[in-house]
**Q** 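Encoded as structure tokens, here's the structure I'll be asking about.
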Number of protein chains: 2
Amino acid sequence: MIEDSIENNTHLPLLQFATPKVMAASEIYIPEGKIFKKIFYIKKGILRNFFVTKSGEEKTIFFRWEGQIVAIPECIFDNQPTRQTWQALEDCELMEIDFDLVEKLSENNISLIKTRLELAQKMLLEALKRVESFVLDKPEERYQKLIREKPEIIKRVADKHIASFIGVTPVSLSRIRKRLASQKK
Amino acid sequence: MIEDSIENNTHLPLLQFATPKVMAASEIYIPEGKIFKKIFYIKKGILRNFFVTKSGEEKTIFFRWEGQIVAIPECIFDNQPTRQTWQALEDCELMEIDFDLVEKLSENNISLIKTRLELAQKMLLEALKRVESFVLDKPEERYQKLIREKPEIIKRVADKHIASFIGVTPVSLSRIRKRLASQKK
DNA sequence: TAGTGAAATTATCTTTTGCTAATTTTTGTC
DNA sequence: GACAAAAATTAGCAAAAGATAATTTCACTA
């Protein structure tokens, strides 16, 4: 666990140090500018993180859902304030773990470090796949892949968030959907 | 070191187990389909990795240059054959290290695992920044950021490779360059 | 230095996206 | 179930990107 997220069960021993946290849908969990030195496990619900552009638009970068571990990389790795906002998209149940504690426990616990390494690697693979898709695929293909690979998740999330996730405007995603629907006929 | 790349000097002890490898510009280093279970340190030169699309186009995903450690994530993490090709863009000097050896040395060496974790984290930050830029910026802005942040590197690489790195065609990059040049006047 | 092949630019045309605003649909709440 | 607010769709137009091909520039080598 720890790096940023990704399903993984080998971290469960850490949960004994966790504090439960409940959030209602649409609540802001972590505001921009905070140095958030906790990691959290999502027991239930979906969250998104987004940037606010100069013109005030919210651009969603990631979704995280039940079973995943999340950390804010810039806070955890670099002790920097986050430039992103985290928001619950559904009622959520989280388990928070203080990251300084994780660091301390990792000090001489090789299996914990290995678990962290594994998670970092998984997250890296995920991020690289995403980069790949931006280079290789058109927005339309990215949307189709998303439908294919994460159907349950995208059903639970508003299209406008999906749109920025694949790098287009909501209007453009709507046109993509229309094109795809007409092609099927 | 180990996960995929990124400048880092704490790995240097591992270099005692490394084998030198020299390559001429344009040589293919790692062909698609290979399970490449080595990591390598770049002493000199630049390499790129690319995918070949169904229509035969080469799409460059990454550049790696002197001072960086590289590994093929799908080979190292998942023991899968790589879908990418690695090619030297300049005459290169590499130092190769067998990954099974790294695994063995890591077994009970907490500082080596920590080094691997650090590198994985750095690479993750890099990949996430890239994702961010695809979501937040237009191709033109990605190109400008690249010029700003990696001027020495992009001077050494052909524009057509830069183009796919930022997610556009070479023709489109050429138009972007023209637009930017005319705006400066 | 002349010649060759690759890379970059330009041109033309089509497709897609962005932007803005209007309209329709959906969602949530009283 | 009615109403209000948000989300999604649609429309119209401008800007940017893709595809293809022709032309110019650049780089390497004989």
Side-chain angles (χ1 to χ4, degrees), chain A residues 23-28 45-46 48 50 52-60 63 87-91 133-144 146-147 154-185, chain B residues 24-28 46 48 50-51 53-60 63 87-91 133-144 146-147 154-185:
Chain A
M23 309 196 60
S26 90
E27 238 181 277
I28 299 298
I46 296 191
R48 69 166 179 138
F50 61 90
V52 180
T53 66
K54 282 149 272 171
S55 56
E57 291 163 299
E58 296 180 357
K59 300 281 191 175
T60 298
F63 305 104
Q87 179 186 34
L89 294 179
E90 299 175 349
D91 294 347
S133 186
F134 276 112
V135 170
L136 299 176
D137 304 329
K138 293 181 292 187
E140 185 171 312
E141 291 164 330
R142 287 199 290 281
Y143 180 62
Q144 286 178 299
L146 207 52
I147 291 177
I154 67 161
K155 268 177 226 151
R156 292 160 66 185
V157 169
D159 280 356
K160 60 175 181 172
H161 300 142
I162 305 284
S164 58
F165 185 84
I166 63 173
V168 296
T169 61
V171 175
S172 188
L173 176 57
S174 180
R175 288 186 289 226
I176 288 170
R177 288 160 59 87
K178 195 180 182 183
R179 278 204 304 271
L180 291 175
S182 73
Q183 281 167 25
K184 272 184 210 153
K185 284 169 196 166
Chain B
S26 90
E27 239 181 275
I28 299 297
I46 297 192
R48 69 167 178 137
F50 61 90
F51 283 79
T53 65
K54 282 150 271 171
S55 56
E57 290 162 299
E58 295 180 358
K59 300 282 192 175
T60 299
F63 304 104
Q87 179 187 35
L89 293 178
E90 299 175 349
D91 296 346
S133 186
F134 276 111
V135 170
L136 299 176
D137 305 328
K138 292 181 295 185
E140 185 170 314
E141 291 164 330
R142 288 198 290 279
Y143 181 61
Q144 286 177 301
L146 207 52
I147 291 176
I154 66 161
K155 270 179 223 148
R156 291 160 66 186
V157 168
D159 281 354
K160 61 175 181 171
H161 299 142
I162 306 285
S164 58
F165 186 83
I166 63 174
V168 295
T169 61
V171 175
S172 187
L173 176 56
S174 180
R175 288 186 286 227
I176 288 170
R177 289 161 58 86
K178 195 180 182 181
R179 278 204 305 270
L180 290 176
S182 73
Q183 282 167 23
K184 273 184 209 153
K185 284 169 198 166

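Please read all numbers here as calculations on a predicted model, not as lab measurements. Every chain is numbered from 1, with letters handed out A, B, ... down the list of sequences.
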**Q** Output yes when at least one side-chain N/O atom of B:Thr169 is less than 4.0 Å from OP1 or OP2 of D:dA17, else no.
**A**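 No.
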**Q** Remember a base hit wins even if backbone is also touched, and classify A:Arg177 as base, sugar-phosphate or nothing at under 4.0 Å, heavy atoms.
**A**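 Result for A:Arg177 = sugar-phosphate.
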**Q** Between C:dC19, C:dA8, D:dA17, which nucleotide has the shortest distance from any of its atoms to the side chain of A:Val171?
**A**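 Nearest to the side-chain atoms of A:Val171, counting from C-beta on, is C:dC19.
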**Q** Within this structure, what is the CZ-to-C1' distance between A:Arg175 and D:dA15, rounded to whole angstrom?
**A**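 It is 12 Å, rounded to the nearest whole Å.
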**Q** Could you check if a side-chain atom of A:Lys138 sits within less than 4.5 angstrom of a side-chain atom of A:Arg142, using non-hydrogen atoms only?
**A**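 The answer is no; the side chains never approach within 4.5 Å.
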**Q** Specify the separation, in whole Å, of atom CD1 of B:Ile154 and atom P of C:dA7.
**A**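 After rounding, the gap between these two atoms is 17 Å.
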**Q** Quickly work out the A:Lys178 NZ to D:dA11 C1' distance and round it to whole Å.
**A**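 After rounding, the reported distance stands at 9 Å.
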**Q** Quick one: is B:Arg179 getting a side-chain N or O under 4.0 Å of the D:dA17 phosphate, OP1 or OP2?
**A**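 True: B:Arg179 side-chain N/O within range (under 4.0 Å) of D:dA17 OP1/OP2.
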**Q** Is B:Ser172 near enough to D:dG18 that one of its side-chain N or O atoms lies under 4.0 angstrom from OP1 or OP2?
**A**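 Indeed, a polar side-chain atom of B:Ser172 lies that close.
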**Q** Quick check: do A:Pro139 and A:Ile176 have side-chain heavy atoms less than 4.5 Å from each other?
**A**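 A:Pro139 reaches A:Ile176 side chain to side chain.
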**Q** For B:Ser174, answer base if it contacts any base atom (sugar-phosphate contacts may also be present), sugar-phosphate if it contacts only those atoms, and nothing otherwise; contact means non-hydrogen atoms under 4.0 Å.
**A**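 The answer is base, as B:Ser174 lies within the cut-off (heavy atoms under 4.0 Å) of a base atom.
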**Q** Decide yes or no for B:Phe165 and B:Arg48: does some side-chain heavy atom of the first lie under 4.5 Å from some side-chain heavy atom of the second?
**A**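 B:Phe165 vs B:Arg48: side chains apart.
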**Q** Do the non-hydrogen side-chain atoms of A:Phe134 and B:Val135 ever get within less than 4.5 Å of each other?
**A**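 Yes, at least one pair of side-chain atoms sits under 4.5 Å.
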**Q** Looking at every strand, decide which applies to B:Lys138 at a 4.0 Å heavy-atom threshold: base, sugar-phosphate, or nothing.
**A**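 Nothing, no heavy atom under 4.0 Å.
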**Q** Figure out the CG/C1' separation between A:Leu89 and C:dG28, and round it to whole Å.
**A**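 Between C1' of C:dG28 and CG of A:Leu89: 16 Å.
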**Q** Between atom CD1 in A:Ile162 and atom C1' in D:dA8, what is the gap in whole Å?
**A**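 So the CD1-C1' distance, A:Ile162 to D:dA8, works out to 13 Å.
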**Q** Tell me: NZ of B:Lys155 to C1' of D:dA27, nearest whole Å?
**A**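 Value for this atom pair: 19 Å.
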**Q** Report the distance from atom CZ of A:Phe134 to atom P of C:dT17, rounded to the nearest whole Å.
**A**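 So the two atoms are 13 Å apart, to the nearest Å.
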**Q** Can you find a pair of side-chain heavy atoms, one from B:Ser164 and one from B:Glu58, that are under 4.5 Å apart?
**A**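 Result no, sub-4.5 Å side-chain heavy-atom pair not found.
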**Q** Tell me the interatomic distance from B:Leu173, atom CG, to D:dA19, atom P, rounded to whole angstroms.
**A**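 Atom-to-atom, B:Leu173 to D:dA19, this comes out as 15 Å.
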